[in-house]
Amino acid sequence: MNTHVPGPSLPTEIQADMLAVEGIAAVPTILDVVCRTTGMGFAAVARVTEDRWVACSVKDDIGFGLRPGGELPLATTICNEIRGSGTEVVIDYVAEDPAFRGHPTPATYGFQSYVSMPIRLPDGTFFGTLCAIDPRPARVSDPGVVGMFKSFADLIGFHLDAHRRLAGGDALRRSESFVRGVLAASPDCVKVLSADGVVEFMSARGVELNQFDSVQDILGVEYASVWPEEERAKLRDAARRAAAGEHCRIEGYCPTAKGEPRWWEVSFAPFASEDGGETKLVAISRDITERYRAESGRRAGAQALRSLNEDLERQVAERTAELRLSRDIIESSAAPICAFDTAYRLIAFNQAHSDEFFRIFGHRVRVGEVFPDLFPPDQAPVMRALMTRALSGEVFTVTEEFGDPDLAKPCWEVSYSPLRDKEGRIVGAFHYAKDVSVRLRAEAELTSTQEALRQSQKMEAVGQLTGGVAHDFNNLLTIIRSSIDFLRRPELPEERKRRYLDAVSDTVDRAAKLTGQLLAFARRQALKPEVFEVGERLRAVAEMLDTVAGARIRLDVELPGEPCFAKADLSQFETALVNMAVNARDAMDGEGVLTLRLSRTTRLPPIRGHAGADGAFVAVSLRDTGGGIAPEQLGRIFEPFFTTKAVGKRTGLGLSQVFGFAKQSGGDVDVETGLGRGTTFTLYLPEVEVAPDHAQADGTAVEPGSPMGMGQSVLVVEDNVEVGRFATQILEDLGYRTTWAVNAEDALERLGSDGGGFDAVFSDVVMPGMGGVALAKELGRRFPGLPVLLTSGYSHVLAQDGAEGFELLHKPYSAEQLARILRHLMTKRAAALVG
């Protein structure tokens, strides 16, 4: 059987007539009685106009395929002839009916029996037809059947007449409920302005967002005047452009009525009301504060018909103006808006929504369509899930991509809110969408550009660091190599040999210090934190600084009356003070006042863009009276090898050591400066409450006597061949017997289950497989009394966790240092055994 031809979107008046038929409770019963009485399989109430045939209510038991809202081309129907003649058409069997057996309509739609009764209103106005068809012949020309059709048609006409007289008020209330619901559910501030920018309407949400006590606070006020003075010009310009017919948008800052700072995105659009009034402006404001700082539907069911009375007419007149205004607001919005019921069917949408859906999918949406079913298979579940969340009562905003890739697939920012009836029950939901594709692309491009800039800066810093390290170490290696070349000369006098040997030793010390400063800056130095009284150490360091600073610099020390303690590496702390003092001395050209000040604070302030931190800190400040630091240099003073001194005067690592030590100790270093006002460096370290134990054991303390060994057996664990060979040679020259293991696993095998007769273990920290610290822990578990000495030039494990209680000898080390620490460990072991 042929199906109907779908028509375009229905005009508003036909949609209203459909609702009127839907509101007649008896219509479904009438259609059912018609089919059961005649035996026909299809019956319908149709609205017939000069150019349309639209089904308002349908009973379809034969699969004709027509649903409410469906259309048939008017020229293909017999109802068009009935509209002109006003007379019913009744056909028992088309093939035997002389008037219609050659008619095109039965052949087009495949029926053999047909009844169509005109529906007229009491005033004679033609509305449409009550019709029935079937693909088989039927006995319908009986006077009783025809009389039944006429009675049913008159009954429907009577109800439609009553409904039309009440439809103004009923439609008004339904439309008003939808529009008010949308405005109430909208997350934005919706306003209507006069053509010159005066506020005539503001939504309740807008009153809340702007923190007005009442909408009366803003009505009659020029909208631009509530904005700050510097923002008003662009508000007035936007309103002027909108009044001229342009859709425009601005962004700006405007605090709420209670002074809370807010940034807004405001769109302006013109509209003219249906009653032909003057042009108004729709202004929709969205709170984009978070983005700026790394930015109601149709009530379910039709209302029961009320008695016709004069009071209804009065209510219609009072609300008509407001309804038209609200409807104009929704239709004038450039943002797609739609509402749907609990079965996911569209119940209302504005023109922007219809246009945008057509743009991205090539389909014009219609009321009653199940919205998720209109999406492709990969997008339909996403849309249904979002609608389900809104129908569950959730208010939220998401960003998703929707559309046909062959047409357009923008990224949408969609805000959802549920729609509730007067009793608070959810009867549907509403969404408000915005195409944010351009904004997201811009943000992605910005992120990509910033990442490229960070990589460029990183490579520049690596290049500077590498160049600085190469320069300084090549200088030191030049001294060592030249000294060794002279030491190889057999005729070199002893005095000059000592001089070159001293030069090599001093250069090694300088290289070790340079490495230590680099590790301190990178926070990779293995620190030995201890608790000390800061004021006491400042006094001691101040005496040394008197010599470092020179005779023309006066040193002032300001200490609090009560002691304050910190826990940090004391040696690194003192080195940091000396480095800051030397920097201050150079800044004053050797003449001025250097002030050391110790204070306590309950908070680490924000430094270099980093957030502060609550807690107790000690603050050690060094203030000089020099010329200050230039602004273009201030951001680089803690970079390694950055210096403003002449070439060869400074390494540029002093302040880098201060920075690295402070960060690794849980603190920070700040600088305050101004050209001609001097500079103050402040070192912050966490304060501790427990007084220090002044009887601390010095890990490098040695007993009096010779550091030489007496034949004790030492297991050397070293994976580097040259270092391992040299370490065993040194130990043998010091009087020890040595065994060399190339890794921790080899060492454990040589120790066996009883210690293998070894008196001590001397192990590197960084090795393949098990590291030195892990080996020391395992030996402590297996052989608690066996001394273990660790050595390392650098280890990230030591930088993070320290030596964890084991003795540590830093590379490069001297034979004297190795001898004394080993002798100390041997003596402690002997004392423990005797004890």
Side-chain angles (χ1 to χ4, degrees), residues 8-12 15 18-19 69 174-188 190 203 205 267 269 282 284 286 296-300 326-376 379-404 407-421 426-436:
S9 297
L10 298 176
T12 303
Q15 292 186 43
M18 287 181 61
L19 288 175
R174 283 200 307 272
S175 181
E176 179 182 20
S177 298
F178 164 67
V179 173
R180 285 186 175 276
V182 168
L183 293 180
S186 172
D188 299 326
V190 182
S203 65
R205 177 61 175 162
S267 60
V282 176
I284 301 178
R286 172 168 286 190
S296 258
R298 174 185 174 185
R299 295 182 181 276
S326 299
R327 188 171 59 225
D328 288 342
I329 292 173
I330 301 302
E331 282 299 327
S332 299
S333 173
I337 302 173
C338 83
F340 46 90
D341 62 17
T342 55
Y344 307 97
R345 295 173 302 195
L346 290 174
I347 56 176
F349 49 83
N350 66 351
Q351 188 61 43
H353 183 277
S354 176
D355 293 343
E356 282 299 293
F357 201 88
F358 183 78
R359 178 174 73 92
I360 65 175
F361 285 120
H363 173 76
R364 285 288 179 184
V365 293
R366 293 180 294 177
V367 171
E369 289 183 309
V370 178
F371 195 50
D373 292 350
L374 304 179
F375 287 75
Q379 300 175 34
V382 178
M383 176 52 67
R384 186 175 291 271
L386 295 175
M387 296 170 74
T388 300
R389 288 174 60 186
L391 291 171
S392 69
E394 185 177 353
V395 177
F396 62 97
T397 298
V398 296
T399 301
E400 291 285 351
E401 284 187 342
F402 291 112
D404 183 344
L407 296 175
K409 193 176 181 183
C411 193
W412 301 93
E413 184 179 83
V414 193
S415 299
Y416 283 88
S417 295
L419 298 175
R420 301 178 185 272
D421 62 14
I426 294 176
V427 297
F430 143 84
H431 82 216
Y432 176 99
K434 180 182 180 184
D435 185 345
V436 294

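- Atoms SG and CE, on Cys338 and Met387 in that order, are 6.5 Å from each other to the nearest 0.5 Å.
- Annotation: the span from Phe340 atom CZ to Arg345 atom CZ amounts to 13.0 Å, rounded to 0.5 Å.
- Annotation: the span from Ile337 atom CD1 to Gln351 atom CD amounts to 12.5 Å, rounded to 0.5 Å.
- Val365 and Phe349 get closest at one heavy-atom pair: O-CZ, 3.5 Å.
- Of all heavy-atom pairs between Ala408 and Arg359, the closest is CB-NH1, 3.9 Å.
- Between Thr399 and Cys411, the closest heavy-atom pair is CG2-SG, 3.3 Å.
- Applying the side chain to side chain contact (heavy atoms under 4.5 Å, CB included) rule to Leu386 yields the partners Val382, Arg389, Phe396, Val398, Glu400, Phe402, Tyr416; only residues at least two apart in sequence or on another chain are considered.
- With values rounded to the nearest 0.5 angstrom, Arg384 atom CZ is found 10.5 Å from Leu391 atom CG.
- Proximity of a side-chain donor or acceptor of Glu413 to a complementary backbone N or O of Thr397 within less than 3.5 Å is not detected.
- Proximity of Tyr432 to Val414: side-chain heavy atoms (C-beta onward) are nowhere separated by under 4.5 Å.
- Annotation: the span from Ser415 atom OG to Arg286 atom CZ amounts to 4.5 Å, rounded to 0.5 Å.
- Ion pairing between a basic and an acidic side chain is recognised when a charged N comes within 4.0 Å of a carboxylate O; Lys434 and Asp188 show no such pairing.
- Contact between Arg364 and Ser354 at its shortest, heavy atoms only, is NH1-OG, 3.0 Å.
- The nearest pair of heavy atoms linking Glu401 to Gln379 is O-OE1, 4.3 Å.
- Aromatic ring pairs are classed by plane angle as parallel below 30°, tilted from 30° to 60° and perpendicular above 60°; the pair Phe375 and Phe361 is perpendicular.
- In this structure, the side chain of Asp355 does not engage the main chain of Pro336 through any donor-acceptor pair within 3.5 Å.
- Between His431 and Phe371, the angle of the ring planes lies from 30° to 60°, which puts this pair in the tilted group.
- Judged by distance alone, the side chain of Glu369 and the main-chain N or O of Arg366 form a donor-acceptor pair under 3.5 Å.
- Here the closest non-hydrogen pair linking Asn350 and Ala335 is ND2-O, 3.1 Å.
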